[in-house]
Amino acid sequence: MLTALLRKETIEIVRDPVTLAVAVVLPVIMLFLFGYGVSMDVEDVPIAVYDQDRTQESVRLVEAFVQSGYFKRHRNVQSPREVGAVLDKADATVVIVIPPTFARRLAAGSDAPVQVLIDGAFSPTALIVSNYVTAIVNRFSTRLAEERLALSGLTARGLVRLESRVWYNAPMKTVNYIVPGLFAVLLMAFPPMLTALAIVRERERGTIEQIYVSPVSPSMFILGKIIPYAVIAFCEMLLVLIVGTTWFEIPLRGSLGLLLGASLLYVFVTVGLGVAVSAVARTQVAAVLLSLVGTLMPSFLFSGFLFPIATMPYLLQLYTYVFPTRYFNDISRDLFLKGIGIEYLWGNIALLALYAAALFIAASLTLRKKVAR
Amino acid sequence: MRRLAAAVRKEFRQFLRDWLLVGLVIFIYTADLVICTSALSFDVRNLKLALYDGDRTELSARLVERFSTTEYFDALIPVARIADVDRLLDGNQADLALVIPAGFAQEVAAGRSTAVQVLLAGTNANTANAARGYAATIVGGFARDMLANHAARHGIANALPSVRAEMRIWYNPQLEFAHFMAVSMIVVAALMVGVITAAAGLVREKESGTIEQLVVTPLRSHELILAKAAPPFTVGMLSLAPSVVIAKAFGVPLAGDLALFIVASAIALAAFLAIGFFIGTLADNLQQALLLAFFVLFPLMFLSGTIAPIESAPALIQWLSTLSPVRYYMQIALGILLKGVGLDVLWPQFAALAVTGFALGTWSVVRLRRQLYA
């Protein structure tokens with residue numbers, strides 16, 4: 001009986017090749033857009049310099065900024081008025097103002113302030129930039145002091161140095177962390193909606209009544225809907241995984257088997273969500289809107305994909321557990337970036353499995369109630 | 001003119017009857033703005049620091065104290081073995097780890113170069129980058145003091161030169177992401193409302209077949225579009241008032257000329273409605289229209305600097321974003337509400353917004369006329 005249902009569903013899907021193509025190709029396009037488009041990498045930050053001192057020392061300070069690799073010298077500024085204009089027009093993110101007494105104060109062995117103005121409109125970048133500025137100025141200052149000591153015959157080079165090592169994502173590229181998260185989000189874009197539409201369509205056309213009077217049991221009917229769409233969703237997942245990892249060169253450090261297993265589980269959850277949407281929505285339009293508002297948007301915003309969950313207010317942190325994207329997002333990132341194993345991941349995997357089971361049971365129960373009526 | 005007035009009246013009646021849609025528009029401009037602004041942030045706070053002190057001297061304790069007295073680190077987790085650092089980082093229980101090697105104090109006292117290590121979990125590049133900066137600042141300050149001590153011990157009492165960065169953050173001195181987010185959400189609200197209402201309004205007419213009746217009336221195609229645009233435009237512009245008040249409540253300075261912002265919003269909303277009508281001409285039914293709408297919405301949102309600065313994107317994406325009116329509206333909104341700059345600075349953005357909006361509007365009117373009246 002199940003095979004008959006599957007055959008019917010397959011025929012319906014194949015008859016609409018446009019939808020099928022959309023379901024498979026659009027995620028790949030979105031993968032590229034987001035992989036390239038959402039970047040918070042801080043490099044080549046444009047700086048403007050207002051050097052009122054024009055001495056060897058002031059030139060060295062500016063050099064220190066450029067040589068750090070984070071900043072590029074964009075332009076020189078000649079007057080205080082221009083300083084404000086440069087930031088207002090967003091021509092430069094940082095303006096360094098070196099006062100005329102800079103070299104003289106250094107020679108006297110005193111404190112020489114420089115002013116650094118930073119555009120704070122996008123605060124994450126501004127924060128990182130201000131840290132870079134402090135680090136560069138600190139190092140410059142220490143270097144000068146060391147040189148002065150060397151003149152007095154005391155050598156002390158780099159007394160306490162900081163060696164920082166970044167694990168999991170050594171180049172600190174946003175893309176390495178966006179793409180594994182995208183695998184979780186993209187799968188929320190299509191499978192729930194397509195599955196919901198497939199069921200609601202039957203209801204809208206009235207063909208679902210024929211199912212009710214046939215000997216097909218509710219769980220059979222649900223399985224007959226879930227399996228074909230799960231197959232499509234899994235192919236979609238594989239395609240996104242292959243393109244994402246090869247094109248963006250994201251190394252998979254963990255086990256491939258574990259990733260595929262978790263993906264399969266997640267695919268069933270996404271399709272199951274579609275079934276859940278179909279239980280609520282009466283029309284196809286409502287189904288599309290509900291899957292947009294109920295699955296896709298929260299997946300973007302409340303899964304930790306872009307915005308870290310740890311900084312959300314406590315209640316909204318709890319709210320993030322409602323959406324399964326959160327679990328798979330964690331699994332995917334841990335497997336790709338950290339390469340850790342099941343001993344760390346079992347919690348999220350168990351929650352996903354629980355989610356899938358709950359969705360399936362709820363779906364067959366609601367359908368049974370309808371049949372009984 | 002009377003023709004247009006009648007059509008506008010009809011559209012208003014139809015639009016306001018759909019209270020769910022009107023409610024949704026108001027929701028997006030108000031409640032959504034509040035939820036997203038208070039919840040979503042890229043702030044780097046409450047970092048968890050694992051600590052391995054292999055030296056256990058008075059000096060190493062002083063370095064640790066520098067870390068514990070700053071506000072950046074929420075929890076300091078002392079570990080006994082270096083292997084525990086791995087475990088904490090792997091299990092997401094620590095964001096970074098400070099490792100002080102054995103013999104640290106001895107080396108410093110002898111004036112030899114020593115390194116302390118900071119290990120960072122780079123899973124979230126933004127957090128790791130900020131955390132590394134905090135660590136560098138703290139260790140840098142410590143190094144500087146050690147150097148001064150060292151000099152003093154060797155009898156060099158005269159002052160050492162030092163450079164101090166006096167930092168000023170403009171526009172957003174507390175570095176509150178909420179300021180950016182609130183402005184961004186107002187821009188996104190206009191985009192969503194404009195595109196979805198316009199596309200749905202046009203397609204509903206197509207789907208129910210009543211568009212043919214409109215075609216045979218003396219109503220001209222641009223009048224039809226104007227009438228269709230009037231209700232969502234009005235509701236959207238009215239919703240702007242509460243959303244600006246909410247932004248103010250989140251601390252956005254509203255530094256610039258609000259009248260100028262309203263003008264920009266009107267142009268932008270018109271441009272977004274034009275995008276919606278364009279989608280409406282492509283779709284035959286509501287489902288198609290909604291699907292198309294969100295494939296247009298998401299890239300537009302993400303590639304126009306509403307989530308991450310467009311300057312960090314690769315050149316091709318930056319070039320593509322110059323075609324997007326959302327990008328210009330976002331720049332104008334940030335400029336007026338956050339920076340307090342005026343038309344003298346923002347005129348290129350205004351010009352670009354007007355040009356992209358006008359081009360889109362004309363294109364969709366032309367398309368619609370060809371589709372309906374051919």
Side-chain angles (χ1 to χ4, degrees), chain A residues 33 36-41 87-89 106 109 111-113 115-118 120-124 126-128 130-131 133-135 137-138 140-142 144-145 148-149 152 154 156 158-169 172 174 177 284-285 288 307 311-312 316 333 337 340 344, chain B residues 39-43 45 90-91 108 111 113 115 117-120 122-123 125-126 128-130 132-133 136-137 139-140 143-144 146-147 150-151 154 156 159-172 175 177 180 286-287 290 299 302-303 308-309 312-314 317 334 338 341 345:
Chain A
L33 281 176
Y36 281 119
V38 184
S39 165
M40 296 201 288
D41 297 343
L87 286 179
D88 280 345
K89 287 185 194 153
L106 286 181
D111 223 22
Q115 241 186 45
V116 180
L117 311 173
I118 299 173
F122 189 73
S123 59
L127 174 68
I128 290 167
S130 74
N131 279 331
V133 168
T134 316
V137 171
N138 265 344
F140 181 78
S141 172
T142 307
L144 279 183
R148 188 64 54 86
L149 286 177
S152 330
L154 182 64
L159 268 192
V160 182
R161 286 174 294 117
L162 179 74
E163 250 172 36
S164 65
R165 281 202 315 202
V166 181
W167 286 14
Y168 315 129
N169 181 9
M172 290 211 278
T174 319
Y177 119 95
Q284 296 189 54
V285 178
V288 170
F307 299 97
T311 56
M312 291 178 189
L316 284 163
R333 278 198 183 139
L337 294 168
I340 55 183
Y344 289 101
Chain B
L40 308 178
S41 107
F42 289 119
D43 289 350
R45 283 181 272 132
D90 278 347
V108 173
S113 172
Q117 262 193 354
V118 165
L119 309 173
L120 301 126
T123 22
N126 182 51
N129 217 338
R132 185 170 70 173
T137 304
V139 174
R144 167 87 208 172
M146 289 303 102
L147 191 66
H150 186 66
H154 287 78
I156 302 173
L160 294 170
S162 87
V163 183
R164 191 161 36 85
E166 279 173 2
M167 217 129 27
R168 303 244 175 88
I169 315 270
W170 279 31
Y171 314 127
N172 182 5
L175 286 181
F177 189 67
F180 175 87
L286 206 46
Q287 182 190 319
L290 289 169
F302 279 78
L303 306 181
S312 316
I317 299 270
L334 279 179
L338 213 56
V341 295
V345 170

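To find a chain, count down the sequence lines: A is the first, B the second, and so on, and within it residues start at 1.
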- Looking at Leu338(B), Leu334(B), Leu119(B), which makes the most heavy-atom pairs under 4.5 Å with chain A? Leu119(B)
- Task: Identify, with sequence neighbours excluded, every residue that meets side-chain contact (heavy atoms from CB on, under 4.5 Å) alongside Ala112(A).
- Result: Phe102(A), Arg105(A), Leu106(A)
- Item | Salt bridge present between Glu163(A) and Arg165(A) (N-O < 4.0 angstrom) | no
- Can you say whether Leu316(A) sits under 4.5 Å from chain B via the side chain, the backbone, both, or neither, judging by heavy atoms? side chain
- Work out which heavy atom in Pro113(A) is nearest to a heavy atom in Glu166(B); give both atom names and the distance. CB-OE2, 3.6 Å
- Among Phe180(B), Phe42(B), Phe177(B), which has the most heavy-atom pairs under 4.5 Å with chain A? Phe42(B)
- Side chain, backbone, both or neither: which part of His154(B) has a non-hydrogen atom closer than 4.5 Å to chain A? side chain
- Message: Heavy-atom pairs under 4.5 Å with chain A: which of Ala136(B), Gly140(B), Ala165(B) has the most?
- Response: Ala165(B)
- Message: Which one wins on heavy-atom pair count under 4.5 Å against chain B: Thr311(A), Asp88(A), Asp41(A)?
- Response: Asp88(A)
- Message: Report which part of Arg148(A) has an atom under 4.5 Å of a heavy atom belonging to chain B: side chain, backbone, both, or neither.
- Response: side chain
- Task: Please list, chain by chain and in numerical order, all residues satisfying side-chain hydrogen bond (donor to acceptor under 3.5 Å, both in side chains) with Asn126(B), sequence neighbours excluded.
- Result: none
- Message: Need one label for Val108(B): side chain, backbone, both or neither, based on atoms under 4.5 Å from any heavy atom in chain A.
- Response: both
- Note on the structure: Per-residue tally against chain B (heavy atom, under 4.5 Å) across Met312(A), Gln115(A), Lys89(A) peaks at Gln115(A)
- chain B contact via Leu337(A) - side chain, backbone, both or neither, heavy atoms under 4.5 Å: side chain
- Contact class of Leu162(A) relative to chain B, heavy atoms under 4.5 angstrom: both
- Message: So for Tyr36(A), is it side chain, backbone, both, or neither that comes closer than 4.5 Å to the heavy atoms of chain B?
- Response: both
- Item | Close side-chain approach of Asp90(B) to Tyr344(A), heavy-atom, < 4.5 Å | yes
- Message: Shorter than 4.5 Å, heavy atoms on both sides: which option in Ser113(B), Ala128(B), Ala313(B) has the most such pairs with chain A?
- Response: Ser113(B)
- Message: As an exercise: rank Ser162(B), Gly111(B), Ala130(B) by heavy-atom pairs under 4.5 Å with chain A and give me the winner.
- Response: Ser162(B)
- Of the listed Ala126(A), Ala135(A), Pro124(A), the one with the largest count of heavy-atom pairs under 4.5 Å with chain B is Pro124(A)
- Quick one: which of Leu144(A), Thr174(A), Leu127(A), Ile340(A) has the most heavy-atom pairs under 4.5 Å with chain B, could you say? Leu127(A)
- Please state whether the side chain, the backbone, both or neither of Phe122(A) comes within less than 4.5 Å of a heavy atom of chain B. both
- Turns out that what part of Asn138(A) lies under 4.5 Å from chain B's heavy atoms comes down to side chain
- Task: Check whether any side-chain heavy atom of Met167(B) lies under 4.5 Å from a side-chain heavy atom of Ile118(A), and answer yes or no.
- Result: yes
- Message: Strictly distance-based, threshold 3.5 Å: is any side-chain N or O of Ser141(A) a donor or acceptor partner for the main-chain N or O of Val163(B)?
- Response: yes
- Note on the structure: With chain B, the option among Leu33(A), Thr142(A), Asp111(A) that has the most non-hydrogen atom pairs under 4.5 Å is Asp111(A)
